[in-house]
Amino acid sequence: MSAPKPASPFLRPNSQLDLPRLEQEILQFWRDGDIEGKSLRTTTRADGSGRPAFVFYDGPPFATGLPHYGHLLAGTIKDIVPRFWFMRGRSVERRFGWDCHGLPIESLVENELGLHGKADIERFGVPQFNAACRAGVLRFTGEWEKVVGRMGRWVDFRDDYKTMDFTFMESVWWCFGQLWDKGLIYEGYRVQPVSPALGTPLSNFEVAQGPQERDPVTRKEGHKRRQDPSLTVRFRLEDEDANLWAWTTTPWTLPSNLALAVHPDIDYVKVRVVDTGEVAYLEPGRLADYQQRGRVGATEELARLKGKDLVGRPYAPLLPFFADLRERPDGTRWCFKVLGATYVSTDSGTGIVHQAPAFGEDDYQVGQANGLPVVCPVNLSGIFDDRVGEFSGTFVKDADKPIVDRLKREHKVVDQDTIVHPYPHCYRTEQPLIYMALSTWFMRVETLRDELVANNKKIQWVPEHVGSGRFGNWLENARDWNLSRNRYWGTPLPVWRNDRDPADMVCIHSVAELERLAGLAAGSLADLHRENVDGITWPAPGGGTYRRIAEVFDCWFESGSMPYSQNHYPFDADKKAYVEDNLPADFIAEGLDQTRGWFYTLHVLSTALFGRPAFKNVIVNGLILAADGKKMSKRLKNYPDPAKVIDSFGADALRAYLINSAVVRGEPMKFGKDVNDLTGECVKETVRLAILPLWSAYYFLTTYALADGWTPTADDLGPQALEHPLDRWITSRVGGFLTNLTREYEAYELSNLVPHFLEICDDLNNWYIRRGRRRYWRANNPADVDKQRAYATLYRALVTIARAMAPVMPFFTEHLYQRLVVDPGLAVPGEESVHFTRFPEADVWARDEALEREVAAQRQVVGLGLGLRERERINVRRPLARLTIVHERPEELARFADPAVQEELKGELNVEEIAASADDSALVELSAKANFKTLGKRLGGKMKAVAAAVQALDQAALRRFLAEGRVEVEGEALGVDDVLLTRTPRPGLVVAHEAGVTVVLDTTQTPALRRKGLARELTKRVQDLRRDHELDMNERIVVTFRCGGELAAALADAAHAAEIRSETRADALQVVAPGTELAGDHVLEDTIDEEQVAITLTKA
RNA sequence: GGGCGUGUAGCUCAGUUGGUUAGAGCGUUGCCCUGAUAAGGCAGAGGUCGAUGGUUCGAGUCCAUCCACGCCCA
């Protein structure tokens, strides 16, 4: 090694890999070279030709929270796929989106301003409130940018889109206008849960987020339980001196009672209460229940009838407030009569149900079916208006008691009790919700169903079942979409209504149209939030004034419109064609929880507006749970801080960990290697599993290249004429790896990427490098072509694997590319980053599947041999005379005839000779089983008998079958493929068998073999001592052994002594007789084959 | 209550159109090579495949019912 070496272009890698630091350096490199920006905005290839677009839509997250693992996972998926397609020569625009509107930010601001409910907000002022929302909504964007960037996700924060942008909102108006023009928008009522404390209706999603509680009896999880009044009241019939008993848990809805409902087909009884003489109607089973509980005394039955016999009977209003609704203007009976309704049950109450159409979904439906009006004397804050006498101005829940008191005074109460039942509560205030009918704006989705379903069939879903199952079912049962909200901070619905004629409405399609109609100067509007448009009015041609309705959009409408709105479609002339050409998107990805959210609204709007799906491919990821299988909870601290995990183990490892899981196929994932993993140990494990193997191979290459001064050339990155079987083998394996990987990327099956990568790393480290080590050890000699090929092949494989994995592990692969390709000056212009290189083509890697099978066979034999050694407790240091490989097929045996192969096996297994044989009859017992796969269909019911007969064949019969290839049992002729032979090593022999291959170890010890083994045992102990002394590889030593017998004999053998000296870099070996005192600090004493030895060494 | 999914080794998960002896990683136990990597290699133990019933010559796989869990919806 004294000859002058050429300068190596490689940097000496640190022996300790510090991934987080390495990633920081790469981040700096990306910043310095605007690498990310170039990736995001490059639309042409190096030769100037255009890159076809790969269209990606980013779903907007709410800007009011901090990123959590779900976002990191989705972000990783949204990064890998675009990176891959960019490497495949496409241009990929990746604009980050922000969902700025909606209840999350409004609630946050309400809390911060100390406001409670809509009344407070309106007192505070909508302009001021919206200003606060605008100011507060982007508070976390800096944090998002930091975390997203640190994760290595390339996405454009400069050219982002916000749903509160003027241009975005104008496009939302355009979308709505198109729907309006197509007749897809209508106004209606829907009974909705309202949080009176917030003064706002809640979505079902928000209701579900409310406090939950387990029912103590049924153990079922449900709404929080609460105690309510349980009131049974009597309604006096107008056509008979009798009463109808009805039950309610919401006395405050009684002033709005407009009808009573019975089930037409169930039985009712007319009874006289013995004590009071009162005559009443109700369902008999319920009556029994009241009596059982002692709430009603003895009764006598006067009549029995069906519910339908009661339908139509009039009764007197319970309270007088809406008594004028008794008749229609034409004098026919309208309200206060009995109606039939099949939803009425006999589970509780009286079987006669009080109906207040404004305050219950069922009540509303029954009311609609019977032409009843909707009477709602309550506002969104739950306060009675002035139509209900002494209760006016009272909060509804506070009115329960006075209402009951009045009914008691009027002798209208049959029974008063309390009930504890699950009841929905507000997710923010924990106050009970109330249900009331609200005017809302709907989009007709039901009429689009067939088209929605047809378009869904054009989408490739990963996993497939979300598309056909969850999403498909949802589309088939799609209901009209309530897209208005009674809130403040959102895109206002662009509808202006004539205050003299509610049916006269104008829908605005653009800002220009509004300015023109309202007589405003063109360009005078710069913002479309409520404070700027609510005051805009203009006179209606036939009298009256157009004023804007109060509602704003459901923010899902906005995010569903992002394909158009983010490009200010159709107002931005420059982008109009771009938007139209790029529908549908190639790819989107979000979590399973978006099935009814963004996926749905994108699909509905795209189908309604353009008649096509919004996206072609979608990856649906599952939920990330804490290690304990519960939801991640800040309060419970049951998961590690993402920032800390990244700082400890690096973003690449986290990315690889997340992606190496069925969570990218919509299944839930527990974040942790076990229940107790609260530090991200699972990610550390991924470093070891997925990153260190590649790093180790890189470290090996550079270590030797530096020592040798080997320098790669551009040719080394292309195909070579290779001779060494190892080189041809790893080349073939890399080709297979690329084929597999490309297939997975193209199919959006990200969970399969890491497993393929691990396999190629194993091939590289545990076979190619391990078996080929000696090729790199040889003395430096430019004429040593084989050594050059060894370097070049390893080099090319490493660079290629790094490039293929660049989308998954963008940092580490960038590091490898910089060190291996850029530092030596081999990067072609325009490819200063690994992410600018073309994704490696599989077909330039020469496949040799026969060779792959051969190597697999070798590895199998080695595995069997090592297994035998272990079973026999003969360690690999002890040479054995012979390994015999037995296989019935000569072509299989031929694999091992090559002397080079035999040398490999001898080295791996430490045997003196490799032999082959075709006859294993002395070694193994044959046993046979019927091949069910081939015979099952043919034989059917006879299968069992044949199988038993095959199993019963004796050794002679089986050997005959082996020779002749056919056998007859139970009258059936069976061929080679019909019988499966198994070989079991005969007991007492050192034989192992696996899948046709049998190996035999000759464990006979001769004195010569024994001494050779002892010499190696001594060598190992000297090496151990060297390590104890922390001696460098080049330091020479003198070793003293104190031993006798066979050990001394082994040392006396000149060949063995020379071997020991060379292996341990010893200048001299001294042997002293047992009993002699040994000098030196480190004396190693040990027993080898029951002989004592002591060893010491000194530096030469 | 409905829809979709999940249930396989101590833990995390593979398991193809039904086919013979159900696999991997971690952990555990044992062993081991080493002039790249002990953050390594090899091997062993560990399974009523959630339960029951059915279809079939044959079921982890298909069907039915039930149980448990998750998500979504009502």
Side-chain angles (χ1 to χ4, degrees), chain A residues 13 15-17 204-205 207-208 220 361 463 465-466 468-474 476-477 479 591-597 622-623 625 627 629-631 660-662 665-677 681-682 684-689 691-704 707 751-752 755 758 762 765-766 769-770 773-774 776-777 862-863 865-871 873-877 907-908 910 928-947 951 979-980 982 1016 1020 1023 1027 1032-1034 1063-1065:
Chain A
S15 60
Q16 283 293 314
L17 180 60
N204 287 319
F205 177 69
V207 173
K220 286 222 166 194
E361 173 71 27
H465 67 75
V466 175
S468 57
R470 190 182 277 231
F471 195 70
N473 290 348
W474 177 248
E476 281 166 24
N477 299 304
R479 292 182 55 187
L592 191 58
D593 51 345
Q594 293 297 313
T595 314
R596 264 82 161 164
L623 196 72
L625 303 168
K630 297 188 183 125
K631 274 189 183 166
N660 187 24
S661 153
R665 288 207 312 266
E667 283 176 32
M669 168 199 203
K670 291 180 200 167
F671 190 91
K673 63 179 233 177
D674 58 47
V675 180
N676 302 314
D677 177 9
E681 200 61 23
C682 50
K684 185 180 180 183
E685 197 175 291
T686 306
V687 172
R688 189 160 54 84
L689 203 71
I691 296 181
L692 287 175
L694 193 60
W695 182 79
S696 171
Y698 158 75
Y699 189 80
F700 175 87
L701 173 71
T702 47
T703 302
Y704 282 94
S751 65
N752 293 332
L758 298 184
D762 183 64
N765 284 315
N766 294 329
I769 293 181
R770 188 158 69 90
R773 266 185 303 213
R774 285 182 181 79
Y776 306 87
W777 296 350
V862 168
L866 289 174
L868 277 177
R869 276 186 168 276
E870 177 164 336
R871 203 183 79 200
R873 301 261 162 203
I874 304 170
N875 73 38
V876 186
R877 286 190 292 275
E908 282 290 295
N910 195 15
K929 281 199 169 157
N931 184 349
F932 285 82
K933 206 165 184 173
T934 62
L935 293 174
K937 275 196 189 111
R938 204 167 95 203
L939 300 179
K942 205 176 172 188
M943 188 66 223
K944 266 188 177 149
V946 171
Q951 205 151 0
V979 177
L980 302 164
T982 336
R1016 284 194 59 171
K1020 173 191 151 53
Q1023 299 286 35
R1027 192 161 53 213
D1032 186 68
M1033 208 172 89
N1034 296 315
E1063 285 289 311
T1064 65
R1065 263 132 307 179

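All heavy atoms count here, side chains included; hydrogens, waters and symmetry mates do not. Throughout, a chain's letter reflects where its sequence line sits, starting with A, and its residues are numbered from 1. The structure presented is a predicted model; accordingly, all values stated were derived computationally and were not measured.
For the P atom pair drawn from B/rG7 and B/rU16, the interatomic distance equals 12 Å after rounding to whole Å. With both ends at atom P, the span from B/rG46 to B/rC32 equals 23 Å, rounded to whole Å. One C1' atom belongs to B/rU8, the other to B/rC69, and the distance between them is 16 Å to the nearest Å. Separation of the P atoms belonging to B/rA39 and B/rC26 is 14 Å when rounded to the nearest angstrom. One C1' atom belongs to B/rG23, the other to B/rA45, and the distance between them is 16 Å to the nearest Å. Here, B/rG44 and B/rG54 have their C1' atoms 39 Å apart, quoted to the whole Å. Across the P atoms, B/rG5 and B/rA14 are found 15 Å apart, a figure rounded to whole Å. Across the C1' atoms, B/rC66 and B/rC57 are found 29 Å apart, a figure rounded to whole Å.
A/Asn752 meets the side-chain contact (heavy atoms from CB on, under 4.5 Å) test with A/Glu744, A/Glu749, A/His756; sequence neighbours excluded. Evaluation of the side-chain hydrogen bond (donor to acceptor under 3.5 Å, both in side chains) rule for A/Ser751 yields A/Arg665 as partners, not counting sequence neighbours. Under the side-chain hydrogen bond (donor to acceptor under 3.5 Å, both in side chains) criterion, A/Tyr704 pairs with A/Trp777, not counting sequence neighbours. Residues passing the salt bridge (Lys or Arg N to Asp or Glu O under 4.0 Å) test with A/Lys1020, sequence neighbours excluded: A/Asp1024. The side-chain contact (heavy atoms from CB on, under 4.5 Å) search around A/Asp762 returns A/Asn766, A/Arg859, not counting sequence neighbours. Residues passing the side-chain contact (heavy atoms from CB on, under 4.5 Å) test with A/Leu623, sequence neighbours excluded: A/Leu625. Applying the side-chain contact (heavy atoms from CB on, under 4.5 Å) rule to A/Leu592 yields the partners A/Val466, A/Arg470, A/Thr595, A/Val620; only residues at least two apart in sequence or on another chain are considered.
Among the heavy atoms of the strands, none lies under 4.0 Å from A/Arg479. Within the 4.0 angstrom heavy-atom criterion, base atoms lie near A/Leu692. Residue contacts shown for A/Asn765 include a base, since a base heavy atom lies under 4.0 Å away.
For B/rA36, the base has no donor-acceptor partner in the side chain of A/Thr703 [N/O atoms by modelled type, under 3.5 angstrom].
In this structure, A/Asn477 places its CG atom 10 Å from P of B/rC4, rounding to the nearest Å. Across the protein-nucleic acid pair, A/Arg773 atom CZ and B/rG41 atom C1' stand 11 Å apart, rounded to whole Å. Atom P of nucleotide B/rG27 and atom CG of A/Leu689 are separated by 11 Å, given to the nearest angstrom. The separation between A/Arg770 atom CZ and B/rU37 atom P is 14 Å, rounded to whole Å. As rounded to whole Å, 7 Å separates atom P of B/rC73 from atom CH2 of A/Trp474. Protein atom CG of A/Asp762 is 12 Å distant from nucleotide atom C1' of B/rG40, rounded to whole Å. Separating the CG atom of A/Asn660 from the P atom of B/rA14 is a distance of 10 Å, rounded to the nearest angstrom. The nearest whole Å value for the distance from the CG atom in A/Leu758 to the P atom in B/rG40 is 13 Å.
Across B/rC4, B/rA36, B/rU34, the shortest atom-to-atom separation from the side chain of A/Arg1016 is found for B/rU34. Distance from the side chain of A/His465 is smallest for B/rG5 among the nucleotides B/rA36, B/rG25, B/rG5. Nearest to the side-chain atoms of A/Ser696 among the listed nucleotides B/rC4, B/rU37, B/rC26 stands B/rU37. The side chain of A/Leu623 has B/rC71 as its nearest neighbour among B/rG5, B/rC71, B/rA36.
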Below 3.5 Å is the cut-off: list the nitrogen or oxygen pairs between protein and nucleotides 11-13 of chain B, distance only.
residue: B/rC11; atom: O2'; partner: A/Lys673; partner atom: O; Å: 3.1
residue: B/rU12; atom: OP1; partner: A/Lys670; partner atom: NZ; Å: 2.8

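A distance of 11.5 Å separates CZ of A/Phe471 from CD of A/Glu476, quoted to the nearest 0.5 Å. Taken from CG in A/Asn765 to CH2 in A/Trp695, the straight-line distance is 11.5 Å, to the nearest 0.5 Å. Taking CG from A/Leu692 and CG from A/Leu17, the interatomic distance works out to 6.0 Å, rounded to the nearest 0.5 Å.
Side-chain nitrogen and oxygen atoms of A/Arg688 include none within less than 4.0 Å of the OP1 or OP2 phosphate oxygen of B/rA38.
When each of A/Leu592 and A/Asn766 is assigned the nucleotide of RNA chain B bearing its nearest heavy atom, the one mapping closer to the 5' terminus is A/Asn766.
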Output the pairing pattern of RNA chain B as a dot-bracket string, 5' first, Watson-Crick or G-U wobble with both distances under 3.5 Å, | for cross-strand pairs, [ ] for crossing pairs.
(((((((..((((.....[...)))).(((((.......))))).....(((((..]....)))))))))))).
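Nearest heavy atom pair, residue A/Arg688 against residue A/Pro693, reads O-CD, 3.2 Å.
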